[in-house]
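Below is one structure, written out as structure tokens; comments come after it.
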Number of protein chains: 2
Amino acid sequence: MTVDDTANGPSHWVTAADVARRAGVSRSAVSRTFTPGASVSQETREKVMAAAEALGYRVNILARSMIQRQSNLVGIVVSGFASPFLPGILAPLVSELDRRGLAPLLMDARRADNVEESLRDLLSYRVAGAILTSGTPPIELAEEYSRLHVPVVMINRIGDFEGVDTVGSDNRRGGALAAECLLASGARRLAYVNRPTGTHSGRERGAGFCEAMALVGAAGVSFELIEADRPDYEGGVTAARRLLDRPANLRPDGVFCSTDELAFGLMDVARGAFGLTVPGDLAVVGFDDIPMARAGAYAMTTIRQDTTGLAQRAVARLVERMEAPSLPSRADVLPVTLVERRSHLLASAG
Amino acid sequence: MTVDDTANGPSHWVTAADVARRAGVSRSAVSRTFTPGASVSQETREKVMAAAEALGYRVNILARSMIQRQSNLVGIVVSGFASPFLPGILAPLVSELDRRGLAPLLMDARRADNVEESLRDLLSYRVAGAILTSGTPPIELAEEYSRLHVPVVMINRIGDFEGVDTVGSDNRRGGALAAECLLASGARRLAYVNRPTGTHSGRERGAGFCEAMALVGAAGVSFELIEADRPDYEGGVTAARRLLDRPANLRPDGVFCSTDELAFGLMDVARGAFGLTVPGDLAVVGFDDIPMARAGAYAMTTIRQDTTGLAQRAVARLVERMEAPSLPSRADVLPVTLVERRSHLLASAG
DNA sequence: GCCGTTGATGCACACGAGTGCAATTCACCA
DNA sequence: TGGTGAATTGCACTCGTGTGCATCAACGGC
């Protein structure tokens with residue numbers, strides 16, 4: 001019953017040959033038993049399964065990948081885990097990959113320009129594809145991936161690369177929804193707090209915001225754009241100081257933040273340091289709808305991204321391209337929705 | 001200059017043989033060039049490197065793993081990405097693994113009892129080890145890992161498995177610190193809000209809390225333990241209702257929550273639904289010190305876990321056991337620290 | 001009873017790399 | 001000049017698996 005035929009050798013991995021020996025069949029039969037669609041008689045299959053069970057045999061996926069020249073490893077490149085938005089996208093991503101028999105190899109590109117190194121490392125693992133949630137690959141690397149038929153999908157990033165698919169939220173529309181919401185609340189002195197390191201999504205959100213503001217064209221509307229010095233809560237804090245430390249009649253009364261996290265910082269400072277009420281004196285709209293956005297302290301009105309949809313679409317595109325590598329690039333844009341809680345309300349509203 | 005010798009074949013991966021051909025050396029020479037410590041002349045190395053560079057050669061790590069019978073894949077098993085504490089541990093984990101040339105294979109065990117399946121799957125990848133941030137393996141699987149010399153390290157979990165290392169925070173001490181802090185603030189009617197699905201860490205925190213409370217032994221101190229119905233913000237919300245919906249003189253004035261997230265929910269309800277001030281009427285202490293704990297809205301006094309330390313220690317233990325598989329199990333306990341912000345203060349304090 | 005067809009099985013090769021061993025080169029010293 | 005040693009190099013084997021091809025048995029139709 002014991003598996004330790006070799007006593008205490010350095011490695012006890014059970015191979016297909018071991019199973020074959022025990023089942024009294026050829027190694028090929030074992031291989032075929034574990035290969036869906038191969039030709040094996042019911043009798044052999046049962047013998048093999050019994051032996052495999054008894055020995056605790058598991059197919060060596062690495063060896064299989066070698067012979068099939070196709071691994072089921074998929075690289076996931078993130079840059080830091082600081083963003084609270086990341087887990088929301090990671091969870092469905094992993095589960096979707098798992099559903100398709102793919103395994104996520106996690107890579108952290110600390111700095112945005114380090115994506116290059118991560119992507120290069122991934123090639124050593126002969127990944128079946130790569131999903132980028134951050135950063136954009138340098139063009140020659142994108143070409144190398146394309147030449148090697150290793151599909152790349154970028155989430156919420158834009159880069160016009162041949163053969164690289166993009167899946168993202170409708171950032172423009174999100175910005176527009178935010179503008180409409182704030183204007184409807186009666187806000188007239190609007191501001192947009194963007195993240196630093198000009199991200200594409202950040203710019204798009206701002207553009208959508210401005211555009212909608214102009215379209216609605218309410219009289220006496222002013223607009224101001226500022227860029228936070230950090231992409232996180234602290235960035236919202238300092239942005240708030242810059243935005244609110246001025247005479248009351250010059251202060252914005254409606255602020256759209258590029259991120260819920262920025263909005264948290266801004267709201268806290270508005271309330272704490274400046275004694276404003278939010279909602280009430282100041283209307284705030286965020287972006288992402290991370291879990292904390294529904295916390296009572298913030299009751300954040302925000303633009304929700306369909307993280308599950310993004311992940312599913314990304315994996316779908318990846319798999320499609322694995323099967324047909326020379327597909328033209330596609331850029332999917334998924335709808336966003338306005339989640340109205342309370343932070344967008346103004347006391348003076350009509 | 002083009003790599004496409006075979007025009008548009010299905011696969012363009014460059015192999016060591018290609019490099020050897022181009023450099024005019026044997027395949028062994030190529031292999032040795034990329035194997036640290038192997039014997040290659042400077043001249044050959046340069047020829048190989050030049051050819052490799054020109055062709056864009058990358059060692060196939062999967063093939064290398066096969067021949068060396070030792071992969072550098074390490075399984076990381078999490079259960080869901082819901083906990084905001086997770087990113088804090090994931091980030092240093094990935095970076096520490098990377099530093100040692102190991103690559104993280106991410107597995108999501110949605111339900112706690114699904115860890116078994118994840119661990120079993122990992123064996124197919126011949127992982128060099130596994131790190132569990134959640135759930136405990138069934139005993140026979142732990143034995144299988146041990147027999148195969150695949151080290152397993154559990155973070156913040158306890159299970160007395162032969163050959164399985166454990167790295168965790170000093171939860172007892174954390175609970176004690178919380179109790180001391182609340183008592184020092186003048187709280188006398190204490191409560192502990194635990195997570196559901198009795199986790200080891202949750203029980204330990206409660207035990208440490210009680211123990212310290214008894215040791216300090218202030219007169220007229222009462223204690224109450226309740227279990228949230230969910231481990232997240234919403235769990236804190238419902239726990240707060242159960243705890244506070246009673247005559248004022250029976251309400252706790254100092255609450256310790258097993259998690260910052262629970263504490264957020266509790267604070268919001270205390271303020272919103274019951275009109276209490278926190279700090280002021282109610283003192284609250286959390287656990288973890290996740291990024292949002294420092295938000296102005298909460299200014300959460302909390303017990304900080306050394307996530308970086310946990311990750312580094314976990315990887316260190318993993319690597320040690322990779323080199324010496326039959327080491328006795330070790331259980332590391334890392335210190336926690338009290339981070340005093342404002343949520344623990346009471347207006348009535350002396 | 002013979003032959004063609006179908007299905008199962010095993011042999012042998014391949015995937016891409018590391019490495020022991022023997023052969024070769026080269027320098028250096030006596 | 002011959003011998004000794006070290007340093008390099010290439011051959012060939014190996015890791016664990018998938019799979020084309022040939023073989024073989026069984027079976028059914030004539």
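FYI, side chains are in, hydrogens and waters are out, and symmetry mates aren't considered; it's all heavy atoms of this structure. Since the model is a prediction, treat every value here as computed from it, not as a measurement. Chain naming here is simple, since letters A, B, ... match the order of the sequence lines and numbering starts at 1 in each.
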Test side chain to side chain donor-acceptor pair (under 3.5 Å) applied to [X] - qualifying residues, sequence neighbours left out:
X: B:Thr35; value: none
X: A:Arg321; value: A:Asp165
X: A:Ser329; value: none

Checklist entry - For A:Trp13, is the NZ or CZ atom of B:Arg69 found under 6.0 angstrom from the centre of its six-membered ring and inside 45 degrees of the ring axis? => result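 No.
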Rounded to whole angstrom units, what separation is found between the [atom1] atom of [X] and the [atom2] atom of [N]?
X: B:Ile61; N: D:dC15; atom1: CD1; atom2: C1'; result: 17 Å
X: B:Arg27; N: C:dC15; atom1: CZ; atom2: P; result: 12 Å
X: B:Met66; N: C:dT19; atom1: CE; atom2: C1'; result: 15 Å
X: B:Asn60; N: D:dC15; atom1: CG; atom2: C1'; result: 13 Å
X: A:Glu46; N: C:dA8; atom1: CD; atom2: P; result: 13 Å
X: A:Ile67; N: C:dC13; atom1: CD1; atom2: P; result: 14 Å
X: B:Trp13; N: C:dA17; atom1: CH2; atom2: P; result: 11 Å
X: A:Arg58; N: D:dG16; atom1: CZ; atom2: C1'; result: 16 Å

Checklist entry - What nucleic acid atoms does B:Thr15 come within less than 4.0 Å of, heavy atoms only: base, sugar-phosphate, or nothing? => result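 Sugar-phosphate, no base atom in range.
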Checklist entry - Which part of the nucleic acid, if any, lies within contact of B:Thr35, taking any heavy atom under 4.0 Å across all strands shown: a base, the sugar-phosphate backbone alone, or nothing? => result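 Sugar-phosphate contact only.
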Item to check | Non-hydrogen side-chain atoms of B:Pro137 and B:Tyr145 separated by less than 4.5 Å | outcome: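 The answer is no; the side chains never approach within 4.5 Å.
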Item to check | Sidechain N-carboxylate O distance under 4.0 Å for A:Glu116, A:Arg120 | outcome: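 Looking at A:Glu116 and A:Arg120, the cut-off is met.
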Checklist entry - Would you call B:Arg147-B:Glu143 a salt bridge at under 4.0 Å N-O? => result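 The answer is no: the pair does not qualify as a salt bridge.
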Item to check | Bending between helix ends of the helix from C:dG1-D:dC30 to C:dA30-D:dT1 [5 pairs per end, 10° resolution] | outcome: 50°
Table of protein N/O atoms under 3.5 Å from nucleotides 22-26 of chain C N/O atoms:
none

Item to check | More than 12 heavy atoms of other groups within 6.0 Å of B:Met49 CE | outcome: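 For B:Met49, atom CE is not crowded (no more than 12 foreign heavy atoms under 6.0 Å).
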Checklist entry - Got a sec: does the CD of B:Glu140 have more than 12 other heavy atoms crowding it under 6.0 Å? => result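 More than 12 heavy atoms, drawn from other residues, nucleotides or ligands, come within 6.0 Å of this atom.
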Item to check | Phosphate OP1/OP2 of D:dT17: any A:Tyr57 side-chain N/O under 4.0 Å | outcome: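 Checking D:dT17 against A:Tyr57, a side-chain N or O does come within under 4.0 Å of OP1 or OP2.
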Next on the checklist: Under 4.0 Å from OP1 or OP2 of D:dG16: is there any side-chain N or O of B:Arg69 that close?
Outcome noted: yes
Checklist entry - Heavy atom of residues 37-45 of chain A under 4.0 Å from DNA chain D: which residues? => result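 None - not one residue of the stretch has a heavy atom sitting under 4.0 Å from the strand.
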With the side chain of [X] defined as its heavy atoms from C-beta on, choose the nearest nucleotide among [options].
X: B:Arg64; options: D:dC11, C:dC11, C:dA17; result: C:dA17
X: A:Gln68; options: D:dT19, C:dG10, C:dA17; result: D:dT19
X: B:Ser28; options: D:dG10, C:dG10, C:dC13; result: D:dG10

Checklist entry - CG of B:Leu105 to CG of B:Asn72: how many Å apart, nearest 0.5 Å? => result 11.0 Å
Next on the checklist: Quick one: does any side-chain atom of B:Thr133 pair with a main-chain N or O of B:Val77 as donor and acceptor, under 3.5 Å?
Outcome noted: yes
Next on the checklist: I need the minimum non-hydrogen distance between A:Gly168 and A:Asn156, along with the two atoms involved.
Outcome noted: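 Where A:Gly168 meets A:Asn156 most closely, the heavy atoms are CA-OD1, 3.5 Å.
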Item to check | Residue mapping more 5' on DNA chain D - nearest nucleotide basis, B:Arg126 or B:Arg32 | outcome: B:Arg32
